[in-house]
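Any value given below was found using the heavy atoms of this structure, including those in side chains, with hydrogens, waters and symmetry copies removed. Everything quoted here is computed from the prediction, not taken from an experiment. Letters A, B, ... mirror the listed sequences (proteins, then strands); counts begin at 1.
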Amino acid sequence: MNVRPTGDVPHQEPIPVFEEATVDFLTEAFERDGYICDENIIVPVYLALRLQKPLLIEGMPGVGKTEIAKVISRVFKVDLIRLQCYEGLDENKALYEWNYQRQLLRIEMAKVKPEGDGPREYACERDLFSDLFSEEYLLERPLLRAIRSEERVVLLIDEIDRTDEEFEAFLFEVLSDFQVSIPELGTLKARFIPAVVLTSNRSRDLSDALKRRCLFLYIDYPTIEKEYRIIRAKVPYVSERLASQVATAVSRLRNDPEVRKKPSIAESIDWAKALVCLEADSLDPSVLKHTLNLVLKNREDFELYKKKEKVASLL
Amino acid sequence: MLGLAKFAATLRKMGVRLGTSEVLDAALALSAVNIEEEGQVKAALAATLAKSPEERALFYQAFKAFFVPPDKKKADIQFLMERLAEERENIALAEGELLFQGETLDLSSESKEIYSRLDREDKDRLLEFLERASAGKRVGPAFKPLIESIVEGHLERMRSRISDIQTHLPRSARTGDPEVDAALMQAVLSGPSDREKLLTEDIASVSEADLVKLETIAKDLSRRLATRFSRRCKRSARRSAIDMRKTIRANMRYGGVPFSLRYEAPRIEKPSIVVISDVSGSMIRYTGFLLQFLSGISSVVKNVEVFIFSEDLERVTDIFKEGETFSETVALLLSRTSQWGRGTDLGKALHTFRKTYGALCTRKTVLIVLSDGKTMARESARKHLEELHSNVRLILWLNPLKQEEWRKVPQLQDFRKYSKMFQSRSLSDLERIMRTEVLL
Ligand SMILES: Nc1ncnc2c1ncn2[C@@H]1O[C@H](COP(=O)(O)OP(=O)(O)OP(=O)(O)O)[C@@H](O)[C@H]1O
Ligand SMILES: [Mg+2]
């Protein structure tokens, strides 16, 4: 097995490289990292690393999509490079850009250089050109950084559904062979294929071409039991009773068709933390009344749960 | 990886869009996981073959239908083959009946299939139209295409009247590979309808919301049973022609001149059914479904007479018509039950029955009693059963009580001496009993 030195705690299990990690290793490592999941999540992660394919994760907001990329980077102790997508994101912001200010400055400086005769000036212009488009003036954006990295990295392309099809097509190119050609610099190829995680909230359908390149993982809202375990793992000092009450109440909120904005896992964690701070060791109507705004962020939802019978339905 | 290719074909037919690259990925993925572990196999295939939540739902359905133990797979294929044979028969039947001036109409297979599933009345109406069209004075063979398109259009409109056509695998969904098609069939059957579950559920505990579904299944089952039975009747009618071989042998002494004819086994006869059904308390639901079921097979029984009882007997044959929904039937039953909430008296009911309607019982009658046997006047009930027992072909006792609980009702032992008693709690119970005891 190819093993990288971990640097720290010497007696720890050696960390394998991405494609040599086993299902067992990942299961244990994810658990140690406090990410609660079963083989429905571990196997796709394992396959993505093993087959060196991007992992496309879809699911409702806050079910732990982004977290998976973070966990992978922690587990393998490698950098996480994140490309946060938004409407209007383009190649310049995603891949690279020339530093125009500095380039202009350089040109200005060249102008004030003492004049020479014809041929030398020509040569000088050529020099200037290649100088202007050298790495010194290159602004690396996340994708290029991932490609040029000397180390293995995790590349997180977060919320890809927010970009447009054109960008998606471009991304598809990059993900196909992890190589880009920059006219001024030539072709750059990744030394190591990064572990790529894409997330999407399904605000639009992604192209078939992109999906075809990826392995697919859909994360549902957790079961009560899973959420209970997450809360126990993420909230220090939470009692078993409180954790299970919170998990149950949150699940009921999500299943209530009248609730518009379903609470996320992050919100139930926050709620449980707040309850621990308030030293509540179980839920009751008055505690609910004062803390429900932490999970019902939408105003109408919150108003809805001012009704007694609604509150009672959570207990 | 033949299995994978077939599984992929199953998924494609179910509407999952799969290219070669996905299937190749799936093969790679399978080689990377522990294929002894179903969970890993399933997760690996899901990650490579199902790329949206909708596709994922289909994937799980397909997975469940496709990856089954060999025995189950064999049974599934067998089931498919039976359905296909049934369908071929249906089509042949339609081809034999749908004629224009003596010639078989050129219709799509689907149309023929629809025709074969129509009610007798609807069929007759169509046949009548064809007869009239054939006899038309100025109607020549050139009109055949026109007639065909009319019939085709008519049958297409009738499609919605047929509830069970969905339970068959649509032609467009077939691949021709038995393994794939059997899995598709199972996926269709195990679909969101929960058909299997409802089939075996205690009728009394089926939720209000599922009653309509149950009713549809009851119609489907009973109609299917009726079709099967009527085919067998027809075949037996054909066979009951003179059996030449037997005739010749029997007439050897007459030099082979057939003086005395020998016939094949007697024709299968349509049974007459008399129902005496308990409507006290929870029994009413079972009764309601029994009636639903019987109305579905009414085309293949000679005669159905229905009586309900709790404290005494009441004849309700008039409410027993086709087309009534389950809730309508139950409402009618309720409205007709005058002695509400008083005891159940089978003895008295049977007494009234024999006294007033005794003539309904012949050696061809199947008498169906639906009751849990918890009754007053046990001895009198026993005596009447004993008498009836020798007057009818068979007393069939449908008991909604679980068979293990029969011990707790001692009189059931007595009643069983004169009747064939079956546990009849679910639709599948009911169907089995009808198939093996009534529509032989
Ligand atoms: N399975 C899990 N185990 C432990 N913690 C979890 C799990 N799932 C989610 N969490 C917690 O929930 C938080 C929210 O998760 P995350 O940000 O990954 O959600 P997301 O799906 O990316 O949401 P969004 O769509 O809003 O970006 C994380 O900070 C993490 O602590
Ligand atoms: Mg996220």
Inset, instruction - Answer yes or no: does atom CD of A:Gln179 have more than 12 heavy-atom neighbours from other residues, nucleotides or ligands under 6.0 Å? - result: yes
Inset, instruction - With the side chain counted from C-beta on, respond yes when B:Thr48 and A:Lys53 share a heavy-atom pair under 4.5 Å apart, and no when they do not. - result: no
Inset, instruction - For atom NZ of B:Lys74, decide whether the heavy atoms of other residues, nucleotides or ligands shown that lie under 6.0 angstrom number more than 12. - result: no
Inset, instruction - Go through B:Lys42, B:Glu37, B:Arg17 and name the one with the most non-hydrogen pairs under 4.5 angstrom from chain A. - result: B:Arg17
Inset, instruction - Output the distance between atom CD (A:Glu58) and atom NZ (B:Lys51), rounded to the nearest 0.5 Å. - result: 11.0 Å
Legend entry - Short side-chain to backbone donor-acceptor contact, A:Tyr46 and B:Ala32, under 3.5 Å: yes
Inset, instruction - Indicate the atoms forming the closest heavy-atom contact of A:Arg212 with B:Asp25, along with that distance. - result: O-OD2, 4.0 Å
Legend entry - Nearest heavy atoms of A:Asp220 and B:Arg56, plus distance in Å: OD2-NH2, 3.3 Å
Legend entry - Neighbour count above 12 (heavy atom, 6.0 Å) for A:Gln84 CD: yes
Inset, instruction - Answer yes or no: does atom CD of B:Glu405 have more than 12 heavy-atom neighbours from other residues, nucleotides or ligands under 6.0 Å? - result: yes
Legend entry - B:Leu24 atom CG: more than 12 heavy-atom contacts under 6.0 Å: yes
Inset, instruction - Check whether more than 12 heavy atoms from other residues, nucleotides or ligands sit under 6.0 Å from atom CD of B:Glu82, and answer yes or no. - result: yes
Inset, instruction - Examine whether an atom of A:Asp38 lies under 4.5 Å from a heavy atom of chain B, and if so say whether it belongs to the side chain, the backbone or both; otherwise answer neither. - result: neither
Inset, instruction - Sort out for me which of A:Asn40, A:Leu56, A:Asp208 touches chain B most, counting heavy-atom pairs under 4.5 Å. - result: A:Asp208
Inset, instruction - Can you tell which part of A:Leu47 gets under 4.5 Å to a heavy atom of chain B, answering side chain, backbone, both or neither? - result: side chain
Inset, instruction - Kindly indicate whether the side chain of A:Val23, heavy atoms from C-beta on, has any atom under 4.5 Å from the side chain of B:Asn34. - result: no
Legend entry - For the student: nearest non-hydrogen atoms of B:Ser52 and A:Lys211, plus distance: CB-NZ, 4.3 Å
